[in-house]
Amino acid sequence: MEEKTEKILKERLDEPQYSKLAALNNPKMHTFVAKYIELCNPAKIFVATDTPQDIAYIRDAAIRNGEERSLKIKGHTGHFDGYYDQARDKKNTKILLPKGAKIGKAINTIDRETGYKEVHEILKDLMNGKELYVRFFCLGPLNSVFSIPCVQLTDSAYVAHNEDLLYRQGYEQFRRIGDSPDFFRFVHSAGELGNAVSKNIDRRRVYIDIQENAVYSTNTQYGGNTIGLKKLAMRLGIQKASQEGWLTEHMFVMGIHGPNGRVSYFSGAYPSMCGKTSTSMVEGEKIIGDDIAYLRRKNSSVYGVNVEKGIFGIIQGINVKDDALLWDALHAEGEIIFSNCLITEDRGIYWISKDSNPPTKGTNHSGEWFPGKKDRDGVPVDISHKNARFTLDMILLKNRDPEMENPEGVKVSGMIYGGRDSDTWVPVEESFDWEHGIITKGASLESETTAATLGQEGVRVFNPMSNLDFLSITIGRYVQDNINFGKDLEDPPKIYSVNYFLKDKNGNWLNEREDKRVWLKWMELRTHGDVDAIKTPTGYIPKYEDLKRLFSDVLGKDYPKEDYIKQFTFRIPENLAKTDRIIRIYKNEVIDTPDLVFEVLKAQKERLLETQKKYGDYISHFDLE
Ligand code: SPV
Ligand code: MN
């Protein structure tokens with residue numbers, strides 16, 4: 001290491017911590033750590049290796065410094081973020097954009113020099129009086145072509161503890177990479193605390209430096225803003241993937257059981273709160289990951305891995321009937337962090353719609369809570385925050401597929417795109433081919449806003465591949481990367497859309513939550529050509545007979561023909577409006593739309609118009625042709 005770096009590290013670290021750092025032969029990492037120790041000026045520094053003792057030190061520190069409290073069930077802890085620090089801060093999350101670079105207005109940016117200076121001024125002395133944790137992790141399985149080593153600096157033991165549950169330990173991976181500069185860097189400080197929460201959220205910043213593969217996060221605690229390896233690393237991953245010819249996707253990866261012991265792997269992208277985690281956790285199937293996937297090409301197929309090894313999931317609405325597997329895990333002994341839930345007097349946990357017996361007092365993110373409580377703006381305070389979360393290592397899950405640690409990844413047979421859509425897409429549909437799927441399903445993904453977000457309900461928001469919030473390259477380039485990725489593969493994954501949120505004219509849901517188990521089985525069969533399908537202008541839909549059999553086999557339910565007709569009636573006016581909307585967005589709001597996007601969307605529009613001429617607006621009789 002450089003002399004200056006060595007001097008800083010020797011001065012600031014005690015001998016055991018210094019030796020742990022010095023044992024890694026990576027001068028770039030050493031310089032980075034020394035730079036932020038000098039700037040942020042913590043009182044104390046702890047360097048964690050992959051040993052159980054070091055991991056336990058972090059876990060205990062979170063309790064010791066009041067960021068977490070022990071709960072009734074062994075291993076469970078509760079944590080609160082500040083009342084106004086409960087979600088990803090999109091406004092203050094910015095890509096540091098180098099001079100002259102153009103990325104399009106859909107992506108939040110700040111001039112690199114200005115932003116770099118601003119956040120470094122904020123970081124100055126920000127860890128005053130606090131302990132800094134230096135952590136090493138690995139994105140993707142260890143020792144694999146997918147692995148990306150990461151170093152995280154944080155003054156929050158809660159953040160570091162979350163990462164222990166969510167990511168593979170990476171100290172040994174750092175040993176393996178030697179002096180390679182190819183790693184991601186994260187600096188986080190919760191800043192000054194009051195009542196154990198970040199006090200100065202006006203100086204909350206999440207700045208992403210794509211030039212240095214670094215992210216700086218200040219004056220915030222909420223996981224989506226602070227857990228470097230999650231959505232912050234995703235921006236760096238998207239850029240890296242784009243340069244190297246692979247994909248970083250906001251996708252689950254899961255194994256679906258077919259006939260005769262067959263398991264086929266699927267990945268799936270859905271915007272937040274659209275059923276991504278619950279799909280990956282359905283009964284009877286196997287989970288590899290619930291949130292982020294890396295996908296690479298090999299032997300003319302696609303292979304995928306879970307970037308993480310744990311789940312940071314939304315807890316609202318999890319109930320014994322619909323989420324049996326998660327319910328069991330959340331009630332068993334084991335290391336679980338509950339963030340922004342209600343903690344009852346007997347140190348139990350409660351969340352919105354857990355069961356029909358809500359407690360009448362307790363402590364939540366707003367402090368002491370009671371029914372009818374309002375915040376300072378007169379807004380009612382729910383029993384837990386809508387975005388309240390649980391963090392667990394997937395080792396606690398019975399349906400965890402050990403293949404998740406396979407350094408080769410799993411072969412992906414199908415990719416699914418799903419959004420919240422009350423009236424346009426049918427519940428499940430297969431695209432004609434790779435390009436058609438990427439363009440009319442992935443790149444055309446929209447989702448309706450819910451009561452869980454501010455503003456009007458039911459407004460459609462464009463969210464290509466459910467990755468818009470995390471893009472660090474232009475939308476056009478990202479879509480082109482996706483198109484290129486599957487182009488000349490002999491065996492590309494089939495691409496599907498799903499829609500769990502169809503409603504009838506009176507606003508009633510057309511499907512039950514568990515119906516998705518049938519759609520998954522149908523897609524699995526389709527990838528092997530085991531069932532036929534009906535061609536529509538937008539893709540292939542299931543035949544009634546196949547669904548009837550699957551509803552009976554999978555759910556033990558009858559599936560009346562009327563239900564099929566209601567759900568799978570093809571809606572031409574809505575599909576035409578959607579196609580026009582997407583064409584308009586790619587024309588007006590995206591600076592570098594590939595021509596192919598317009599060609600494929602226009603061809604789809606032509607098919608819709610022709611079909612409309614022949615059969616009218618609403619068609620439920622394709623199968624009678
Ligand atoms: C999401 O919102 O998509 C999440 C949680 O997975 S967060 O970490 O906030 O991104
Ligand atoms: Mn997510």
Side-chain angles (χ1 to χ4, degrees), residues 79 81-82 84-93 108 137 139 150 152 154 156 158-163 165-167 186 188 204 206 208 215 217 220-238 247-254 267-281 287-294 306-318 326 337-341 351 365 384-392 394 416-420 445 447 449-450 452-454 461 463-472:
H79 161 86
D81 299 310
Y84 298 98
D85 189 26
Q86 293 283 322
R88 278 190 269 120
D89 180 359
K90 292 196 204 182
K91 191 167 137 263
N92 288 303
T93 299
N108 203 6
F137 295 104
L139 293 168
C150 298
Q152 166 88 60
T154 177
S156 164
Y158 162 73
V159 168
H161 182 201
N162 258 289
E163 289 181 326
L165 303 179
L166 292 171
Y167 302 98
F186 305 97
H188 163 252
R204 178 170 56 200
V206 181
I208 297 137
V215 184
S217 157
T220 172
Q221 287 164 305
Y222 170 67
N225 298 324
T226 58
I227 301 171
L229 280 83
K230 204 169 187 56
K231 293 310 196 313
L232 314 188
M234 207 156 148
R235 277 90 166 187
L236 304 179
I238 286 174
L247 295 177
T248 295
E249 293 301 310
H250 193 199
M251 281 180 160
F252 67 63
V253 182
M254 69 183 295
S267 64
Y270 309 46
S272 307
M273 293 194 172
C274 289
K276 181 146 64 80
T277 299
S278 65
T279 302
S280 67
M281 283 293 295
I287 183 168
I288 296 264
D290 87 311
D291 198 30
I292 309 171
Y294 290 158
N306 181 6
V307 168
E308 314 178 276
K309 67 149 170 114
I311 299 183
F312 178 63
I314 292 177
I315 202 163
Q316 157 175 320
I318 289 180
L326 268 176
I337 311 172
F338 294 86
S339 305
N340 308 315
C341 300
W351 57 82
H365 59 292
S384 64
H385 195 272
K386 288 190 170 75
N387 195 28
R389 301 258 167 180
F390 63 88
T391 310
L392 54 78
M394 283 165 54
I416 310 173
Y417 294 100
R420 193 174 282 268
L445 199 61
S447 199
T449 51
T450 63
T453 53
L454 295 176
V461 181
N463 193 349
M465 283 78 172
S466 88
N467 229 348
L468 186 63
D469 286 356
F470 313 114
L471 290 187
S472 50

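Whatever order the structure lists them in is the order used to number ligands and atoms, beginning at 1. Heads up: numbering here begins at 1 and tracks the sequence. Every heavy atom of this structure was used, including side-chain atoms; hydrogens, water molecules and symmetry mates were not.
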Check each atom of ligand 1 against the heavy atoms of Tyr222 and keep those under 4.0 Å away; list them by number with element. 5 (C), 7 (S), 9 (O)

Heavy-atom nearest pair, Trp351 first then Gly317, reads CD1-N, 4.0 Å

Can you tell which of His250, Gln86, Lys231, Met234 gets a heavy atom nearest to atom 4 (C) of ligand 1? Lys231

Is Ser217 close to Phe186 at the side-chain level, that is, under 4.5 Å between some pair of heavy atoms? no

Could you work out, for atom 5 (C) of ligand 1, the closest of Met273, Arg88, Arg389, Lys276 by heavy-atom distance? Arg389

Lys230 to ligand 1: N or O pair under 3.5 Å? no

Asp291 and salt bridge (charged side-chain N to carboxylate O under 4.0 Å, His left out): which single residue from Lys231, Lys309, Arg389 fits? Lys231

Heavy-atom proximity to atom 3 (O) of ligand 1, best of Cys274, Ser466, Ser272: Ser272

Specify which N/O/S atom of Asp291 comes nearest to the Mn ion (ligand 2), by atom name. OD1

Does any donor atom in the side chain of His188 or Thr226 lie under 3.5 Å from an acceptor atom in the other side chain? no

At less than 4.0 angstrom from any non-hydrogen atom of Asp291, what atoms of ligand 1 do you find? 6 (O)

Name the residue from Thr93, Thr220, Asp81 that meets the side chain to side chain donor-acceptor pair (under 3.5 Å) definition with Asn225. Thr220

Distance check below 2.8 Å: does Ile292 bring an N, O or S atom to the Mn ion (ligand 2)? no

Donor-acceptor contact below 3.5 Å, side chain Tyr167 vs main chain Lys230: yes

So the atoms of ligand 1 within less than 4.0 Å of a heavy atom of Phe312 turn out to be 8 (O)

Spatial distance of atom OG1 (Thr277) from atom CD1 (Ile315) [nearest 0.5 Å]: 12.0 Å

